[in-house]
Amino acid sequence: MAIHLPNRQLFIDGEWRETVLKKRIPVINPATEQIIGDIPAATAEDVEIAVEAAKKAFSRNKGKDWSSASGAYRAKYLRAIAAKITERKSELGKLEAIDSGKPLDEALWDMDDVAGCFEYYADLAEGLDTKQKAPVSLPMETFKSFVLKEPLGVVALITPWNYPLLLATWKVAPALAAGCTAILKPSELASVTCLELGEVCREVGLPPGVLNILTGLGTEAGAPLASHPHVDKVAFTGSTATGSRIMASAAQMVKPVSMELGGKSPIIVFEDVDLDKAAEWTLFGCFWTNGQICSATSRLLVHESIASEFLDRLVKWTKKIKISDPFEEGCRLGPLVSGEQYDKILKFIATAKSEGATILSGGDRPKHLNKGFFVEPTIIIDVTTSMQIWREEVFGPVLCVKTFSTEDEAIDLANDTHYGLGAAVISNDPERCDRVAKAFRAGIVWINCSQPCFCQAPWGGIKRSGFGRELGEWGLENYLSVKQVTQYISEEPWGWYKPPSKL
């Protein structure tokens with residue numbers, strides 16, 4: 001299928017601008033390994049221009065054009081963006097699939113979620129108006145106090161390649177709803193649809209400088225953006241290592257950050273389950289989005305009494321997964337995003353074998369595909385807790401398996417990780433599910449499912465999976481500061497100091 005990639009520049013101050021150094025990065029279709037276009041490669045020089053545009057947009061007309069305008073005013077733009085996304089859903093879905101490698105059906109589902117997220121934050125923007133001047137109860141009648149919720153300022157939004165437009169929207173929509181102005185820096189591995197968001201903003205007449213979009217390498221564009229003195233907050237989704245560097249940079253200026261980082265999430269399957277239902281959720285939890293998802297439940301803990309039968313069922317389900325070009329009908333597993341990721345995943349699998357684990361299923365390139373960055377959905381057994389495959393985030397379609405005998409053992413194994421993003425439990429015992437959900441050391445828990453995500457519910461982790469929450473009302477709070485206003489209302493003098501004598 002021939003898909004035309006629009007030839008875009010950087011989106012700065014409401015218009016398309018060529019990079020100062022006129023550098024570009026090739027776009028590679030991960031299913032064919034062919035170059036299909038290119039994107040602009042921003043550098044520190046472009047960051048300066050974009051930050052200045054965002055700064056001016058924040059204060060333009062004393063903020064009346066955006067930052068101090070009503071939430072209802074901003075909501076109109078968010079709804080217009082949502083409508084444009086819906087209007088262009090088919091085109092955007094195809095661009096997402098050819099750029100990132102995710103199956104077209106998934107990419108189209110993502111576009112629905114993008115539009116829904118903008119709509120949701122439009123509602124919350126309107127709701128902000130009614131929450132302003134919320135009274136604070138005080139113990140002294142001579143004072144009254146209230147709270148204002150105000151935008152933080154200019155924010156840097158640095159996003160990954162696995163859900164290019166959707167995860168950008170998780171940050172852009174609440175930041176704009178709050179009244180911030182923003183610079184979005186998507187991953188250079190999949191930026192095409194994020195650039196199209198710039199065109200959508202231009203078409204709906206979003207005020208210049210409110211959203212600026214810089215594509216480019218992390219070292220050349222992301223780092224100078226995160227450390228810029230006029231950026232008031234950094235919101236980052238990506239690897240724990242990069243998040244740590246951004247935090248260190250922000251600390252020099254005591255700049256707030258929110259971090260959604262890596263994961264090595266568990267899924268516990270107890271002995272009382274429907275094996276086929278549990279098998280499908282287990283596969284979905286790890287192989288959805290080609291296994292490239294931070295919350296992937298990639299550590300399966302299965303009760304020893306059903307382990308043999310369940311793994312046999314799991315392999316049979318895995319064999320039915322259609323691995324193909326993302327545009328083929330029924331595709332459920334596409335290529336990894338890049339050659340570097342492809343090599344990394346195969347190295348993880350090879351290391352697991354060398355450490356004594358057994359590849360139960362998959363573990364290689366699909367035999368029917370000799371081009372593209374495809375890796376079979378892989379199930380690895382005979383895993384110990386000291387193995388790399390158990391401890392490190394793979395970010396590919398690889399599931400490692402251990403058995404357990406008791407609930408307490410399962411919980412201990414589940415929490416045996418530096419990460420704490422997601423966790424899942426599958427059981428027909430509601431009380432057990434409740435106990436396990438409370439025992440998980442994670443920010444997100446799924447019961448009898450894995451990976452469902454709704455923009456109304458909070459998303460984020462603990463430990464090395466980061467801090468802060470996106471989505472829901474919590475996502476909006478990420479971009480707001482709270483201002484206390486207290487007024488003395490008595491007609492009597494304060495009376496603390498002795499007044500000077502009257503002449």
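Values below: every heavy atom of this structure, side chains too, minus hydrogens, waters and symmetry copies.
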Could you work out, with side chain to side chain contact (heavy atoms under 4.5 Å, CB included) as the rule, every residue matching [X], not counting sequence neighbours?
{"X": "Thr378", "result": "Ile349, Ile359, Val375, Ile380, Val398"}
{"X": "Lys233", "result": "Leu152, Val155, Ala235, Pro256, Ser258, Asn478, Tyr479"}
{"X": "Trp281", "result": "Phe284, Ile426, Cys449"}
{"X": "Pro224", "result": "Ala44, Val47"}

ask   = What distance separates Asp99 CG from Lys94 NZ, expressed to the nearest 0.5 Å?
value =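 Going from CG on Asp99 over to NZ on Lys94, the span is 15.5 Å.
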Please answer whether the main-chain N or O of [Y] pairs with a side-chain N or O of [X] as donor and acceptor at a distance below 3.5 Å.
{"X": "Thr351", "Y": "Lys347", "result": "yes"}
{"X": "Asn415", "Y": "Phe440", "result": "no"}
{"X": "Arg469", "Y": "Gly475", "result": "no"}

message = Run the salt bridge (charged side-chain N to carboxylate O under 4.0 Å, His left out) test against Lys133 and tell me which residues pass, sequence neighbours left out.
response = none
task = Decide yes or no on side-chain contact (heavy atoms from CB on, under 4.5 Å) for Asp105 and Trp109, but give the supporting numbers first.
result = CA-CA 6 Å; Asp105 288 345; Trp109 191 353; over 6 Å; no
Please output the side-chain donor-acceptor pairs of residues 163-171 that fall under 3.5 Å, not counting sequence neighbours, one pair per line with the distance.
from: Tyr163; atom 1: OH; to: Trp288; atom 2: NE1; distance (Å): 2.7
from: Tyr163; atom 1: OH; to: Thr289; atom 2: OG1; distance (Å): 2.6
from: Thr169; atom 1: OG1; to: Leu165; atom 2: O; distance (Å): 2.8
from: Lys171; atom 1: NZ; to: Thr237; atom 2: OG1; distance (Å): 2.5
from: Lys171; atom 1: NZ; to: Glu470; atom 2: OE1; distance (Å): 3.3
from: Lys171; atom 1: NZ; to: Glu470; atom 2: OE2; distance (Å): 2.7

ask   = Between Ile25 and Leu217, is a side-chain contact (heavy atoms from CB on, under 4.5 Å) present by the stated rule, with each step listed?
value = CA-CA 9 Å; Ile25 300 169; Leu217 301 176; 4.0 Å; yes
Do [Y] and [X] meet the salt-bridge criterion of a basic N to acidic O distance under 4.0 Å?
{"X": "Asp434", "Y": "Lys438", "answer": "yes"}
{"X": "Arg202", "Y": "Glu15", "answer": "no"}
{"X": "Glu393", "Y": "Lys264", "answer": "no"}

message = Side chains of Ser265 and Ser295: any donor to acceptor distance under 3.5 Å?
response = no
inquiry  = Would you say Trp446 and Gln451 are linked by a side-chain donor-acceptor pair, where the criterion is simply a distance under 3.5 Å?
reply    =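 No, no side-chain donor-acceptor contact under 3.5 Å.
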query = In chain order, what residues pass the ring pair (Phe, Tyr, Trp, His ring centres under 6.0 Å) check against His418, with sequence neighbours excluded?
reply =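 In terms of ring pair (Phe, Tyr, Trp, His ring centres under 6.0 Å), with neighbours along the sequence ignored, His418 is linked to no residue.
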query = Partners of Phe118 by ring pair (Phe, Tyr, Trp, His ring centres under 6.0 Å), sequence neighbours excluded?
reply = none
Ignoring hydrogens and angles, write down the donor-acceptor pairs under 3.5 Å from the side chains of residues 174-185, residues two or more places apart or on other chains.
from: Thr181; atom 1: OG1; to: Ala54; atom 2: O; distance (Å): 2.8
from: Lys185; atom 1: NZ; to: Glu188; atom 2: OE1; distance (Å): 3.4
from: Lys185; atom 1: NZ; to: Gly216; atom 2: O; distance (Å): 2.6

Qualifying side chain to side chain donor-acceptor pair (under 3.5 Å) pairs, either residue in residues 205-222, two or more places apart =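 Found Lys23-Glu220.
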key: side-chain hydrogen bond (donor to acceptor under 3.5 Å, both in side chains) between Gln9 and Thr19, worked out   = CA-CA 7 Å; Gln9 306 292 347; Thr19 62; 5.9 Å; no
request  = Hey, could you give me each pair passing salt bridge (Lys or Arg N to Asp or Glu O under 4.0 Å) that has a residue in residues 39-57? Not counting sequence neighbours.
outcome  =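 Sorted result for residues 39-57: empty, none.
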inquiry  = Which label fits Trp161 and Phe395: parallel for a plane angle under 30°, tilted from 30 to 60°, or perpendicular past 60°?
reply    = perpendicular
Would you give me the side-chain donor-acceptor pairs under 3.5 Å for residues 122-131, sequence neighbours excluded?
from: Asp123; atom 1: OD1; to: Arg79; atom 2: NH2; distance (Å): 2.6
from: Glu126; atom 1: OE1; to: Arg79; atom 2: NH2; distance (Å): 3.2
from: Glu126; atom 1: OE2; to: Arg79; atom 2: NH1; distance (Å): 3.1
from: Asp129; atom 1: OD1; to: Gly71; atom 2: N; distance (Å): 2.8
from: Asp129; atom 1: OD2; to: Gly71; atom 2: N; distance (Å): 3.3
from: Asp129; atom 1: OD2; to: Ala72; atom 2: N; distance (Å): 3.1
from: Thr130; atom 1: OG1; to: Gly127; atom 2: O; distance (Å): 2.8

inquiry  = Taking the ring of Trp16 and the ring of Phe11, is the distance between their centroids below 6.0 Å?
reply    = yes
inquiry  = Before you tell me yes or no, could you show the steps for Ser481 and Glu150 under side-chain hydrogen bond (donor to acceptor under 3.5 Å, both in side chains), namely the whole-Å CA-CA distance, both residues' side-chain angles and the distance that decides it to 0.1 Å?
reply    = CA-CA 5 Å; Ser481 65; Glu150 299 178 336; 4.6 Å; no
Stacked cation flag Arg60 on Trp66, 6.0 angstrom / 45 deg =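 Pair Arg60/Trp66 does not count as cation-pi.
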